[in-house]
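Just so you know, these numbers use all the heavy atoms, side chains as well, and skip hydrogens, waters and symmetry mates.
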Amino acid sequence: MMSIKSSNLGYPRIGENREWKKVMEKYWAGGMEEDEFQEKMKEIRLQHLRKQQDLGIDMIPVGDFSFYDHVLDTAVMFGLVPKRFNEYGGKASIKTYYDIARGTKEAVASEMTKWFNTNYHYIVPELDETKPSLIENRPLQLYQEAKRELNIEGKPVILGPVTFVKLSKGYKKDLFRTVVDQYVPLYAQLLRELEAEGVTWVQIDEPVLATSLSREEVDYFQEIYKILTESAHGIRVILQTYYESVDDYQDIVSLPVHGIGLDFVQDDGENLNSLIKYGFPEDKVLAAGIINGRNIWRANLEETFSLVHNIQQHVADDRLIIQPSSSLLHVPVTKKNEKKLEDNIKNALSFADEKLHEISIIKKGLDKGITEIQNQISDSKRAIEALRALQSTTDAKSKEAELSMERKEPFRVRRQLQQSFFQLPLLPTTTIGSFPQTPEVKKQRSLWRKGQIDQMQYEKFIKEETERWIKIQEKLGLDVFVHGEFERTDMVEYFGEKLEGFQITELGWVQSYGSRCVKPPIIYGDVSFRAPMTLKETLYAQSLTLKPVKGMLTGPITILNWSFARDDISKYEVANQIAFALREEVRILEENGIRMIQVDEPALREGVPLKEEKKEGYLHAAVNAFKLATASVENETQIHTHMCYSNFKEIMGAISEMDADVISIETSKSHGELIHALEESTYDKGIGLGVYDIHSPRIPLLNEIKENIERALNVLDVHQFWINPDCGLKTRGEDETISALQVMVEAAKQVREEVTLQKALRS
Ligand SMILES: Nc1nc2c(c(=O)[nH]1)N[C@@H](CNc1ccc(C(=O)N[C@@H](CCC(=O)N[C@@H](CCC(=O)N[C@@H](CCC(=O)O)C(=O)O)C(=O)O)C(=O)O)cc1)CN2
Ligand SMILES: [Zn+2]
């Protein structure tokens, strides 16, 4: 009898020590020629394949590796290079590839946005300008490389046509089907070429299958995949879904493919329910996601084993594949180099490598009998029990009931009071919080971490940097200042370091976009306030200027979504615990005279569940947590919030309910959409629309910013409107930041004059 196979859906790109990031950034900085870059990248790529082989994975993905982002890879593979980067068409060079992602002096980068409900970002393909063709068969090349170099029979991973088009822009939504049809022959050709090479298995990712789809869309899958599988009979296609259950289980498992990949972890039990209820087609393979690809906790192997056992009741062993629930892109590489974690926490963790090891253990148990893995099962249970012992739960709910969740007066009253308190000019200018984390800032922090400079020297440096930037802000003529966040590595990691209930890893990095990584803190226990977290830096900055300095906090939902949260209590309970702690920080700031406080919620949008029926509950909890953190302040205290990334339309209602006095949002690259959303809404509070893109080093032109402002003023009251960049400036260089802000302030000044003149003329 053939046995169960183990598989992986995608492996982290960044490397144990972020080698991938370092190679890429060095190449960008001109520190390496393309040949060396290619060589180094290949080394990393092969090392990752070898590792998966050593961990005993039968079906190793190829093509999941990328030089930046797999959606961009797919676009470039189909020749979709916007004309502004390569007017002559043809194959994109490495330079062009990075230009699309990062922009050039002359051309703005393609838009970047969130990948489903994750903190990973992809580059949005622009379909409008170019007729697609299969320029190069990337999965084929990577398959050949794995075979040639390591004798690995790889499993090419391809982003499927429906998801690809759905994530793209540059076509009318009602032409969706027509556009997908353009791609189907190209995918067919791609598969035929893989078939000719002797490829056995292909994984085609269609994560849109885990969202709420219309009947029509589900029917498309039927037609499209029929064409695809018929064009390459010899190849076995696994249609892969993840991050949620599939709604139309019976239709989806009957699609004309050889295998279906289902997530049995992030599905609230729905996929297993459907499997039990409807069974599984006898002619298909089930690729079952059984180890959590989105979290970092060690699996209780007894439970995992019994999950597989349940699945086995409906699928024969020779048609069963076990794998993580999603790509491991979302978790750090390995815990083995962590030296500072508390033993009982480290022992309960499982990063990418450890997860693949867990898959191999389960496979061994299935092959040789459960007694063969009894020790590992016991170890896993003991590790989790020891973790539970650290996690005592307070009753967050009862605390919440005693607290006021509403501001004292409604916005229309607060607005007047705040205006007389702050006396801000029309169209006030501000920034989102962080200023450049220059190599010098990172170096000082690194020296301090290593103990090569002491706490006092480090704090002195942070103060000097803050002071320098207060002066720069004065000189620029901004209206509302920030302290610059120089003391923070990452916003979420910083609060994780200060709050009770968190552990910080040394090397637990995860790719967020391009070469940029984050180190999500781990929420293992009850979260609570320990000591003021932002007071010292804020008060220092405020002491240097008469302009208001915004207090700068990260909101509860963002801290939750950008951490790895404990899974023994509901995530909303965790959010409320964080909110209580922030409420205390807000109180202390206010008490010390900080009367503008920004509570960032950039991750609110990404956390919206993929399924329609779960959205309302999430948004309700998110609004609740935000209000819990902020509603206690006086009427004159102005609460700001900030969100980056577009697609606000469906959450406009929730944004309004948060009852922040001012919100700043990213719009520079998706201006039209937001303006449209605002046209249709009754949003009446302060709103700062990002007037330039901070993800690109390009300095915006005066007229571009003016146009952005003027267009916004067509739908917004001039008294509502603030002027700010799209997001924080920490990733930018110092000179480019100052130049861009100069242009922004000048644009604000000119529009202000125009508005005042128009008013005078009218009266
Ligand atoms: N968590 C989170 N998610 C987010 C965002 C965010 O700000 N935070 N913003 C949005 C966009 N995503 C982003 C993600 C990462 C970064 C980013 O800048 N990351 C930095 C790391 C930031 C950091 O923690 N830096 C540390 C460690 C820096 C470092 O690498 N140090 C060197 C040593 C440097 C030296 O000695 O000179 C090393 O360890 O090797 C520090 O400043 O202390 C990077 O990848 O470069 C920006 C935006 C959405 N999601
Ligand atoms: Zn932002």
Side-chain angles (χ1 to χ4, degrees), residues 117-119 243 265-269 291-304 324-326 330-332 335 338 340-352 354-355 358 379-400 490 492-505 508 510 518-530 554-582 603 606-607 609 617-618 621-622 624-625 628-629:
N117 55 1
T118 75
N119 194 2
Y243 304 146
V265 178
Q266 302 276 312
D267 67 329
D268 284 335
I291 291 286
N292 195 329
R294 296 287 298 272
N295 214 333
I296 42 70
W297 301 112
R298 193 165 168 176
N300 176 331
L301 291 180
E302 188 170 68
E303 286 170 11
T304 311
S325 65
S326 67
H330 310 299
V331 294
K335 70 172 183 179
E338 297 296 331
K340 297 186 181 156
L341 291 173
E342 221 175 287
D343 280 350
N344 282 336
I345 294 175
K346 181 169 177 183
N347 208 15
L349 295 178
S350 172
F351 295 174
E354 291 81 24
K355 284 176 189 292
E358 289 174 322
D379 283 352
S380 76
K381 284 166 62 183
R382 257 199 309 275
I384 292 161
E385 273 159 30
L387 175 70
R388 294 286 175 260
L390 296 173
Q391 292 180 316
S392 76
T393 325
T394 52
D395 190 3
K397 279 259 147 25
S398 60
K399 269 205 264 170
E400 180 187 342
D490 174 68
V492 172
E493 191 183 358
Y494 181 77
F495 287 95
E497 279 169 348
K498 303 269 169 189
L499 288 164
E500 203 61 60
F502 285 79
Q503 278 267 305
I504 307 293
T505 63
V510 176
V518 294
K519 194 141 66 62
I522 296 170
I523 303 176
Y524 71 92
D526 285 340
V527 176
S528 60
F529 180 89
R530 210 187 270 152
T554 303
I557 290 293
T558 298
I559 293 186
L560 172 74
N561 285 344
W562 288 354
S563 300
F564 289 121
R566 61 195 279 193
D567 57 3
D568 61 322
I569 60 175
S570 100
K571 61 180 187 180
Y572 300 135
E573 226 171 299
V574 180
N576 281 345
Q577 292 182 1
I578 302 169
F580 283 122
L582 292 172
E606 93 189 30
Y618 167 83
N624 206 54
L628 197 53

Closest non-hydrogen atom pair between [X] and [Y], with its separation:
X	Y	result
Asn295	Ala565	ND2-O, 3.3 Å
Ala575	Leu560	CB-CD2, 4.1 Å
Ala299	Ser380	O-CB, 3.4 Å
Tyr618	Tyr572	CA-OH, 3.2 Å
Lys519	Thr505	NZ-O, 2.8 Å
Glu497	Ile504	CG-CG1, 3.5 Å

Indicate yes or no for a side-chain donor-acceptor contact from [X] to the backbone of [Y] under 3.5 Å, with no hydrogens or angles considered.
X	Y	value
Ser563	Ile523	no
Thr554	Ile559	no
Gln391	Tyr524	yes
Trp562	Pro521	no
Asn292	Ser325	no
Asn561	Ala603	yes
Arg294	Gln266	no

Roughly how far, to the nearest 0.5 Å, is the [atom2] atom of [Y] from the [atom1] atom of [X]?
X	Y	atom1	atom2	result
Ile296	Ile345	CD1	CD1	9.5 Å
Ile384	Asn344	CD1	CG	12.5 Å
Asn576	Leu628	CG	CG	5.5 Å
Asp267	Tyr243	CG	OH	15.0 Å

List in chain and number order the residues that pass salt bridge (Lys or Arg N to Asp or Glu O under 4.0 Å) with [X], two or more places apart in sequence or in another chain; answer none if no residue qualifies.
X	result
Glu385	none
Lys346	none
Glu354	none
Glu358	none

Pairwise side-chain contact, [X] with [Y], heavy-atom cut-off 4.5 Å (strictly under):
X	Y	result
Asn119	Glu606	yes
Gln577	Ile569	yes
Val510	Phe351	no
Asn347	Arg298	yes
Leu341	Gln503	yes
Phe502	Ile522	no

Quiz item: What residues form a side chain to side chain contact (heavy atoms under 4.5 Å, CB included) with Arg530, not counting sequence neighbours?
Solution: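 Once residues adjacent in sequence are excluded, the partners of Arg530 under the side chain to side chain contact (heavy atoms under 4.5 Å, CB included) criterion are Glu500.
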
Quiz prompt | Criterion side chain to side chain contact (heavy atoms under 4.5 Å, CB included) against Arg566, the qualifying member of Leu390, Leu387, Asp526 | solution = Asp526

Quiz prompt | Those residues that, when tested against Glu302, pass side-chain hydrogen bond (donor to acceptor under 3.5 Å, both in side chains) (two or more places apart) | solution =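 So Glu302 forms a side-chain hydrogen bond (donor to acceptor under 3.5 Å, both in side chains) with Lys381.
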
